[in-house]
Each structure stands twice: as structure tokens, then as C-alpha cells.
Amino acid sequence: MAEFRTIKGTHDLLPDELSNWRRIESTIHSIMEQYGYGEIKTPVFESTELFVRSIGTDTDIVNKEMYSWTDQGGNALTLKPELTAPVVRAYLQHQLGNKNPLQRLWYFDSLFRRERPQKGRQRQFYQFGAEAIGSPHPEQDAEIIAMAYNIYKTFDIQEMNVRLNSIGSKEIRLIYLDKLRISLAKKSNVLCANCQTRIEKNALRVFDCKNPECQKLLDENAPLIFDSISEDDRKHFDTACLMLDNMGIPYFHDKKLVRGLDYYSHTTFEITSSALGAQDALCGGGRYNGLIEQLGGKSTPAVGFAAGVERLILAIDKQENSVNPPDIYLISLGEEAVVTASKLASDLRNICGKTVLLETLRRSLKAQMREAGRCGAMKTIIIGEDELAQNKVIVKNMASGSQQEIPMADITRFF
Ligand code: HAM
């Protein structure tokens, strides 16, 4: 047993997994480019204040989950628990809005939240996501939702549910929160201790609670924010829905979907998959029209989403979860054959563009053949003493079992 192990809620990515990750990342990259999004990377840590001001003081993330510390210079710092705030910070710092009134940005990065680890929930995890900053119109909401949905479709994820809602503008929310507070206060004794304090501090966050009693009270007593939004906000929501209908994207209007971060306004959405178990959210997002101004910029509308990479991988059929098999496994027997095989492997990679695994453990023929089968090689090339003496190799097709002899000089032409 190793003396040191990964910290609870973190994990190593070993070669078998990482090759799958690379494939997934490159598919996501191509889809993001297809929609005209440019990639952005922000630092691993930012000022704590950025997250407190963006996500909100009474949220689970800020209250309980951030990895924060004060450095030797007295600066309050935090490992990023989400990416929307850092992207907006970068947008403002580099005045990206002056370069183009609409900035389409995407990311693939790792995040940190001190949550209780379980399947699909880690303390260090990866997200991919996109932020479209500049357009107030529903076609931008529809584009973001469609892009997230199409990424999952590309990976052939089954049993997906898209849930959608609108929580309207910040002004409406203040009026609605009064109504919510009054209705919950009447039966506040049935709420959990956490929600009793939430009523006063930020009643909308009661919707984030997992306690069944709190959810029951919301179902029975609470007014829903969608019923308070303005006519214009309703029209915005209906148009976004119409666009999704036209694209053939199925969704469900879930009036309780308010999302657990304070920066949201108007459209909110989540995509879940019943294949995932308890942590069933594949991704979530929505509009955050007030955030850029809140962080010191001029009022700018924006919408985006983020998705857990580990959850996407859990949802992808396990069948696909393997390393790409090599084209050729190169078997050599005897010291002289090894020298020839090493040159041949290099030629097959450089001249023919093949994926080649070269035996370097000098195992027996039987053991090398077994290894070629285990890693799923399409073909094996065998070079033993006899082949070397006759200046030829044996090429074996692993699927059919058929073998042929090829002169050494013709081998690159053959492949
Ligand atoms: P979020 O809902 O906090 O939203 O996270 C988005 C996704 O990240 C979740 O749906 C889930 O797939 C994944 N996720 C969250 N926490 C964990 C965890 N502990 N372990 C593994 N996966 C996790 C946001 O982060 C917003 N910034 C989304 C957004 C972008 N809104 C607008 N733009």
C-alpha cells in the first residue's frame, strides 16, 4: 500500500482514462468551434471577493464549499469553485466587449468545491462550458441550450431531460422574495434549521435544499417565481421555447428550477440523466444579465452553461470507455531482431502514420501474442531470427488469424 494517497474527493487520471478524456475534449472543442466559440483559460485561483460577490453570500458554494486562504501578503484567495465569475473578470479586465459586442467563449478546466464526495461528485472536478456575453435576445439562450444538448447527443447520451424556467429580472425578484418570505414564515417550524435562516437572508435558496420536508412546504405553500415575472420576460421565455421546439429539442418547463447561484436572472436550465443516479445533473446554466455590472462593468446581458466532465464520462456507455487500440503490435524475438523492430516501428509511425506498440519487455512469443490480443491490436508484425535471416517479416491479421510473409523492403508500402 502506498504511503501517500490522493486527498479525499480528488482522483488521478491514468493513461487508460486520459486517452478517453482527450477524445472527449477534442469532440467538445470541435462542437464549440462549430458554434463560433473561442477557448479561454483563467488562473486556478482568484480573489475570494470575486466569488463572494458573484455567487452570493448565502449560497452553498460560498458558505461551505470554497477552498480559501490568506497568502503571505495578506491577500484573500480562493481556488475557483466555478468558471462564470473568472470568465466575466477576464472579459472586463481585457475589455473584450470593445473588441466585439458579442463575445462567445468556451472552457474546459478543473474546479474545486469542498462537497461530500460520492459517485459523480468530487472535490476537484472538471467542467466544460460556454459563456455568450453581449446579446439580450432569446436566440442566444436557445443557442446555449441547443449547444449543450447537441454535445450530449453527439456522445449518444440516452435518457436526457432538459428542464427550463425563467426567474425574471432582479427587480421582480425583490417583490417576489417578499411574497415567498411571508408564505414560508407561516410554517417555518417545519423547515430545516438551515432554511429557517435562509428565509430571512435569501429565501430563494430554500429551493436548493434537499430536505424532503422543505421541498414539501415549497410544493404546498410557496408562490412560484415564474408566476411573478413581467410580460416582456414571459415573451422572452416563450420565444426561446419556440426556438427549441423548432430545433426538435424536447424540454420540460419546471417552475421550481431557480439554480443555486445568485447571479442568475431570466432563463435557467438544467440537463439531467436518470442513468447517473443521485447526482443526476449533467449540466446547468442560464442568463446572468446583472453580473457584469455587479463586477464593475457596464450593464451587459449574458448567458451560459457549464457541465461536469466526470458526469459526462459516467453517462457515456462503458463500452466506449477504453484506450484506442493500436494498429500494429510489433513482436520481436532475439537481440538483433529488437534493433530491426525498433527502426521498423519508427518508420511505420513516421511514414505510414500508424499507431504502433513496440515490445520492450523482451517476453516470450506466446506472452507477446497475448499482450497484442489484450490491447486490441489490429495486426501484429513478427520478427524472429528466421525472418531476420531471410529479410522478411510475418504480418498477422488479429481478427481473421491469417498470416502472410512480407519482404522487409516492402513493409512500409504494404501498410
Ligand atoms: P453548477 O450547476 O454549479 O453551475 O455546475 C455545473 C455542472 O458541474 C453540474 O451540473 C455538474 O455536472 C457539475 N458539477 C458541479 N459540482 C460538481 C462536483 N462537486 N463534482 C462533479 N461535478 C460537479 C455552474 O458552475 C455555473 N457556473 C454554470 C453556468 C455557466 N451558468 C452560466 N454560465
Side-chain angles (χ1 to χ4, degrees), residues 8-11 28 32 37 40 42 46 50-51 54-56 59-67 79-91 103-133 140-141 143-145 147-149 151-152 157 160-165 167 205 207-208 257-273 275-292 301-316:
K8 190 174 169 189
T10 68
H11 55 114
I28 292 166
M32 296 288 188
Y37 284 67
I40 182 165
T42 58
E46 301 263 359
L50 172 69
F51 299 112
S54 311
I55 302 168
T59 55
D60 283 347
I61 297 180
V62 170
N63 261 340
K64 313 189 277 205
E65 297 169 3
M66 295 205 304
Y67 285 96
L79 289 179
K80 56 189 172 190
E82 67 101 51
L83 284 153
T84 309
V87 167
V88 169
R89 197 258 318 125
Y91 170 89
Q103 282 290 331
R104 289 184 163 105
L105 302 165
W106 81 277
Y107 45 78
F108 190 108
D109 215 337
S110 70
L111 310 181
F112 308 85
R113 292 186 192 173
R114 201 179 186 288
E115 294 193 77
R116 203 156 39 80
Q118 55 174 266
K119 194 172 170 205
R121 190 162 74 189
Q122 290 86 31
R123 291 182 170 177
Q124 178 180 358
F125 61 99
Y126 287 77
Q127 274 188 350
F128 63 91
E131 312 292 347
I133 306 178
Q140 191 61 68
D141 308 36
E143 176 181 283
I144 283 284
I145 298 167
M147 187 161 68
Y149 182 82
I151 287 175
Y152 293 115
I157 302 301
M160 261 199 286
N161 292 307
V162 182
R163 291 183 301 128
L164 209 61
N165 193 22
I167 60 170
R205 300 279 66 94
F207 283 93
D208 305 339
L257 182 71
V258 299
R259 305 267 307 137
L261 300 94
D262 276 354
Y263 53 60
Y264 287 111
S265 69
H266 306 88
T267 312
T268 50
F269 80 98
E270 266 181 22
I271 303 182
T272 53
S273 167
L276 283 182
Q279 300 305 315
D280 65 350
L282 282 167
C283 74
R287 272 205 167 269
Y288 48 95
N289 287 354
L291 182 60
I292 290 140
V303 55
F305 83 96
V309 177
E310 288 83 354
R311 294 194 193 172
L312 167 63
I313 287 171
L314 279 176
I316 290 175

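Numbering of ligands and ligand atoms starts at 1, following listing order. Treat the numbers as computed from the prediction; the structure is a model and nothing was measured.
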Could you tell me if any non-hydrogen atom of Arg311 lies under 4.0 Å from any atom of ligand 1? yes
Are side-chain heavy atoms of Phe51 and Pro86 found at a separation under 4.5 Å? yes
Glu270 bridged to Arg163 by N-O distance under 4.0 Å: yes
Output the distance between atom CD (Glu310) and atom CD (Gln127), rounded to the nearest 0.5 Å. 9.5 Å
Heavy-atom contact under 4.0 Å between Gly120 and ligand 1? yes
Measure the shortest side-chain to side-chain distance between Ile145 and Leu164 over non-hydrogen atoms and say whether it is less than 4.5 angstrom. yes
Does a salt bridge link Glu82 with Arg113, judged by any charged N lying under 4.0 Å from a carboxylate O? no
Side chains of Glu131 and Gln103: closer than 4.5 Å at any heavy-atom pair? no
Under a 4.0 angstrom heavy-atom cut-off, which atoms of ligand 1 come close to Gly284? 10 (O), 28 (C), 29 (C)
Within-shell test, Glu270 vs ligand 1, heavy atom, strictly < 4.0 Å: no
Between Arg121 and Arg116, is any pair of side-chain heavy atoms under 4.5 Å apart? yes
Taking atom 27 (N) of ligand 1 as the reference point, the nearest protein heavy atom with its distance: Glu82 OE1, 2.7 Å
Is there a polar contact, in the sense of an N or O pair closer than 3.5 Å, between Leu282 and ligand 1? yes
Closer than 4.0 Å to some heavy atom of Gly304 - which atoms of ligand 1 meet that? 30 (C), 31 (N), 32 (C), 33 (N)
Check: Gly308 N/O within less than 3.5 Å of ligand 1 N/O: yes
Without swapping roles, check the side chain of Lys80 against the backbone of Asp109 for a donor-acceptor pair under 3.5 Å. no
Ala281-ligand 1 polar pair, N/O distance under 3.5 Å: yes
Between Tyr67 and Gln124, does the side-chain hydrogen bond (donor to acceptor under 3.5 Å, both in side chains) criterion hold? Intermediate values first, please. CA-CA 11 Å; Tyr67 285 96; Gln124 178 180 358; over 6 Å; no
Is it the case that the side chains of Tyr288 and Thr84 hold a donor-acceptor pair, with the cut-off being a distance below 3.5 Å and no angle test? no
Which heavy atom of the protein is the closest neighbour of atom 20 (N) of ligand 1, given with residue, atom name and distance? Gln122 N, 3.0 Å
Taking the non-hydrogen atoms of Tyr126, is any one of them nearer than 4.0 angstrom to ligand 1? no
Tell me the contacting part of Glu310 for ligand 1: side chain, backbone, both, or neither, using a 4.0 Å heavy-atom threshold, strictly below. neither
Against heavy atoms of Ala306, which atoms of ligand 1 measure under 4.0 Å? 6 (C), 7 (C), 28 (C), 29 (C), 30 (C)
From atom 28 (C) of ligand 1, work out which of Tyr107, Phe128, Phe125, Tyr264 has a heavy atom at the shortest distance. Tyr264
Could you check whether any heavy atom of Phe112 sits closer than 4.0 Å to an atom of ligand 1, since that is the contact criterion I want to use? no
If the cut-off is 4.0 Å to any non-hydrogen atom of Gly285, which atoms of ligand 1 fall inside it? 31 (N)
Is there at least one pair of N or O atoms, one from Tyr288 and one from ligand 1, spaced under 3.5 Å apart? no
Aromatic plane relationship, Phe128 with Tyr152 - under 30° parallel, 30 to 60° tilted, over 60° perpendicular: tilted
Give a yes or no answer on whether the side chain of Arg287 reaches the backbone of Thr268 with a donor-acceptor pair at less than 3.5 Å. no
Using 0.5 Å steps for rounding, measure from the CG atom of Leu282 to the OG1 atom of Thr272. 7.0 Å
Is Arg205 salt-bridged to Asp262, cutoff N-O under 4.0 Å? yes
Option set Phe269, Tyr263, Phe305, criterion heavy-atom distance to atom 26 (C) of ligand 1, minimum: Tyr263
Identify which of Glu115, Glu65, Arg116, Gln127 has a heavy atom lying nearest to atom 6 (C) of ligand 1. Gln127
Checking contacts here: is it the side chain or the backbone of Gln279 that comes within 4.0 Å of ligand 1, counting heavy atoms only? Could be both or neither. neither
Which protein heavy atom lies closest to atom 15 (C) of ligand 1, and at what distance to 0.1 Å? Arg113 NH1, 3.5 Å
Should the proximity of Arg259 to ligand 1, defined as any heavy atom under 4.0 Å, be assigned to the side chain, the backbone, both, or neither? side chain
Under 4.0 Å from a heavy atom of Glu131: which atoms of ligand 1 are those, numbered in the order shown and with their elements? 30 (C), 32 (C), 33 (N)
